[in-house]
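On a predicted model such as this, the values are computed, not experimentally measured, just so you know.
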Amino acid sequence: MRVLVTGADGFVGRHVVRRLLAGGHEVIGARRPVGELAGPLSDSTLSRARWVPLELRDFASVAEAAALDCDAVIHLAAVSSTAEAAQEPEEAWSVNAVGVVRLLRALAERRAAGRGDPIVLLVSSAEVYGAGERRSRRESDPLAPLTPYAASKAAAEVAGLEAWRRTGLRVVIARPFQHTGPGQTTRFVLPAFAERLRGARASGATTVATGNLTPVRDFLDVRDVAAAYQLLLERGVAGETYNVARGDGVPLAELFARLARIIGAEVQAVADPALARRTDIPHLVGDPARLRQTTGWAPVYSLDDMLRDIADAEAH
C-alpha cells in the first residue's frame, strides 16, 4: 500500500512512518514547507520515505499533495497543543477544521475523476467528548468539546463523515486518547513531569511544581497508537469512528509518583495555579471494544514501559 501521511515529521507522524515502512508499505511524508527536516531525515528508516510539502491553509498545496498516487491517507497534520489552540483559536480552526475540508475536497475530486479511491484515516482526539460522565467513553456518546482545539477536531469529524455520505470517499475516524513516548515535547504533561523531576533530582529540590493532578487519564504508548492507525487503514470500516484507548484510567497524581520512582527523585508535588488548565476534564477514559473487535488491536506497551522510555529519553 502507498500511504500519504500528513504531519509526518511530527511526534506521532514519525512513529507512524516508521511503523508503515516496517510493515512493507510505501510512504509519502507530507510536512509544512518551513525550515529543514533535520530530525526525521537523520533517521535512516525515515529517510526511506518520500517527502513532499503541504500547507493546509493553501488549497493549491493541498490539491497537489492529494493528487499524488496513493492508496491511503493518514491525516495527522494539526495544531496539536490545546494551549496553542487556546491562544490562537483562529489558527486552530483554519488548520484543524478548514484544512480537513480542503483535503477532503481535493481527495473527493480526485475520486470523482476516476483517479483513485483512497481510504482516509482522519485522526481526531478524545477531547471531543468533553467532561461527560465518569465512565469509559463510547463512540456513540455525544460530543461536548470544551476548548478551541477540541471544537476544531469535532468539526473535522463532522466534515469527514459528511464527505463520506455525500461523495463516497472512504473516511474512517480515529479518536485517540492521550498518548506519549520518547520525542514528545515538554508542552505535554508526562515529558514535562520527567523534565522537572530530573531537574529536582539534580538540584536536590524536594518539591516539584505541577498543575492539577486529580484528573484521570487513559494513556497509551505512541507506538501502540501507530499500530492502531495501520490496522485501521487495513481493516477499518468507512463511516465508522474508533476510540484508540487502553481502557484503563489512572490519576495524573499516580503517573507523577511512578515517574518520580523511576527517575529516583524523592519529591512532593506542589500545585501551581499557573500550570493548571482552565478547562480540565476530570475523567477521560476510552472504551476500545470497537477497535479491538474490528482490527484485533491490543496495546503491547505497559504504562511502566511507557514511563521508563520517557524517563530514559529525557536523560539523554
| request: Check the pair R2 / D71 against salt bridge (Lys or Arg N to Asp or Glu O under 4.0 Å), numbers first and verdict last. | output: CA-CA 5 Å; R2 183 178 293 113; D71 307 300; 5.1 Å; no
| said: Pair R175, D141 - check salt bridge (Lys or Arg N to Asp or Glu O under 4.0 Å), show working. | reply: CA-CA 12 Å; R175 205 176 271 165; D141 288 348; over 6 Å; no
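- Placement of I74 and L103 in two distinct hydrophobic clusters is found when ILVMFWY residues are connected by side-chain heavy-atom separations under 4.5 Å, directly or transitively.
- Nearest heavy-atom pair across A78 and V95 is CA-CG1, 3.9 Å.
- Taking both residues in full, the closest heavy atoms of A174 and Y229 are given as CB-CE2, 3.8 Å, listed atom of the first, atom of the second, then distance.
- Between R246 atom CZ and D224 atom CG the span is 6.5 Å, to the nearest 0.5 Å.
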| task | Given salt bridge (Lys or Arg N to Asp or Glu O under 4.0 Å), test R57 with E91 step by step and report yes or no. | result | CA-CA 9 Å; R57 294 171 296 187; E91 175 75 359; 2.9 Å; yes
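- Counting only residues at least two apart or in different chains, side chain to side chain donor-acceptor pair (under 3.5 Å) contacts with residues 201-213 comprise N212-T214.
- Taking CG of L146 as the start and OG1 of T82 as the end, the distance is 10.5 Å to the nearest 0.5 Å.
- Closest non-hydrogen pair, R292 versus P299, comes out as NH2-CD, 3.5 Å.
- Rounded to the nearest 0.5 Å, atoms CD1 (I28) and CG (L68) are 5.0 Å apart.
- Two residues are said to be in side-chain contact when any heavy atoms from C-beta on lie closer than 4.5 Å; F219 and L303 meet this criterion.
- Looking at K153 and P145, their side chains never come closer than 4.5 Å, going by heavy atoms from C-beta outward.
- Hydrophobic clustering (ILVMFWY, side-chain heavy atoms < 4.5 Å, transitive): L233 and L231 are in one cluster.
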| request: Go through D221 and R223 one step at a time and tell me if the salt bridge (Lys or Arg N to Asp or Glu O under 4.0 Å) criterion holds. | output: CA-CA 5 Å; D221 188 287; R223 292 164 289 188; 2.8 Å; yes
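- To the nearest 0.5 Å, atom CG of residue L232 and atom OG1 of residue T295 are 6.0 Å apart.
- Proximity of a side-chain donor or acceptor of E55 to a complementary backbone N or O of P33 within less than 3.5 Å is not detected.
- The closest side-chain heavy-atom distance from F193 to L213 is below 4.5 Å.
- Side-chain contact between V62 and L56 is present, with at least one heavy-atom pair separated by less than 4.5 Å.
- With no hydrogens or angles considered, a side-chain donor-acceptor pair links R187 and T185 at under 3.5 Å.
- The only member of V128, L284, V285, D218 that meets side chain to side chain contact (heavy atoms under 4.5 Å, CB included) when paired with R137 is L284.
- Between V79 and E88, every side-chain heavy-atom pair lies at or beyond the 4.5 Å cut-off.
- Not one N or O on the side chain of R102 forms a donor-acceptor pair closer than 3.5 Å with the backbone of D58.
- Side chain of H179 to backbone of F177: a donor-acceptor contact under 3.5 angstrom is found.
- Two residues are said to be in side-chain contact when any heavy atoms from C-beta on lie closer than 4.5 Å; L220 and P176 fail this criterion.
- In this structure, the separation between CZ on R110 and SG on C70 is 4.5 Å, given to the nearest 0.5 Å.
- The CG atom of L54 lies 9.5 Å from the CD atom of E64; values are rounded to the nearest 0.5 Å.
- What you find for Y242 and T294 is that their closest heavy atoms are CE2-OG1, 3.4 Å.
- Looking only at distances, no side-chain donor or acceptor of T167 sits under 3.5 Å from a matching main-chain atom of W164.
- Residue pairs satisfying the side chain to side chain donor-acceptor pair (under 3.5 Å) criterion with at least one member in residues 296-308, sequence neighbours excluded, are listed as follows: R258-D304, S302-D305, D305-R308.
- Residues V101 and L122 fall into different hydrophobic clusters, defined by Ile, Leu, Val, Met, Phe, Trp and Tyr side chains chained together at heavy-atom separations under 4.5 Å.
- Minimum interatomic distance between P148 and P89 (heavy atoms only, all atoms of both residues): CB-CB, 3.9 Å.
- The shortest side-chain heavy-atom distance between E240 and R290 falls under the 4.5 Å cut-off.
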| said: Under the criterion side chain to side chain contact (heavy atoms under 4.5 Å, CB included), I'd like the reasoning laid out for R196 against T186: C-alpha separation, chi angles, the key distance, then a yes or no. | reply: CA-CA 10 Å; R196 293 176 204 147; T186 54; over 6 Å; no
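- The backbone N or O of G7 sits nowhere less than 3.5 Å from a side-chain atom of R31 that would complete a donor-acceptor pair.
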| Stepwise side chain to side chain contact (heavy atoms under 4.5 Å, CB included) test for L190 and L307 | CA-CA 8 Å; L190 294 184; L307 293 172; 4.1 Å; yes
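- Sorted by first then second residue, the side chain to side chain donor-acceptor pair (under 3.5 Å) pairs that include residues 259-269, not counting sequence neighbours, number zero.
- Two different hydrophobic clusters hold M1 and L4 under the rule that ILVMFWY side chains link at heavy-atom gaps under 4.5 Å.
- What you find for A226 and R19 is that their closest heavy atoms are O-CG, 4.0 Å.
- Contact of the P182 side chain with the D312 side chain is not registered, since no non-hydrogen atoms from C-beta on lie closer than 4.5 Å.
- Hydrophobic clustering (side-chain heavy atoms under 4.5 Å, transitive across Ile, Leu, Val, Met, Phe, Trp, Tyr) groups F256 together with I262.
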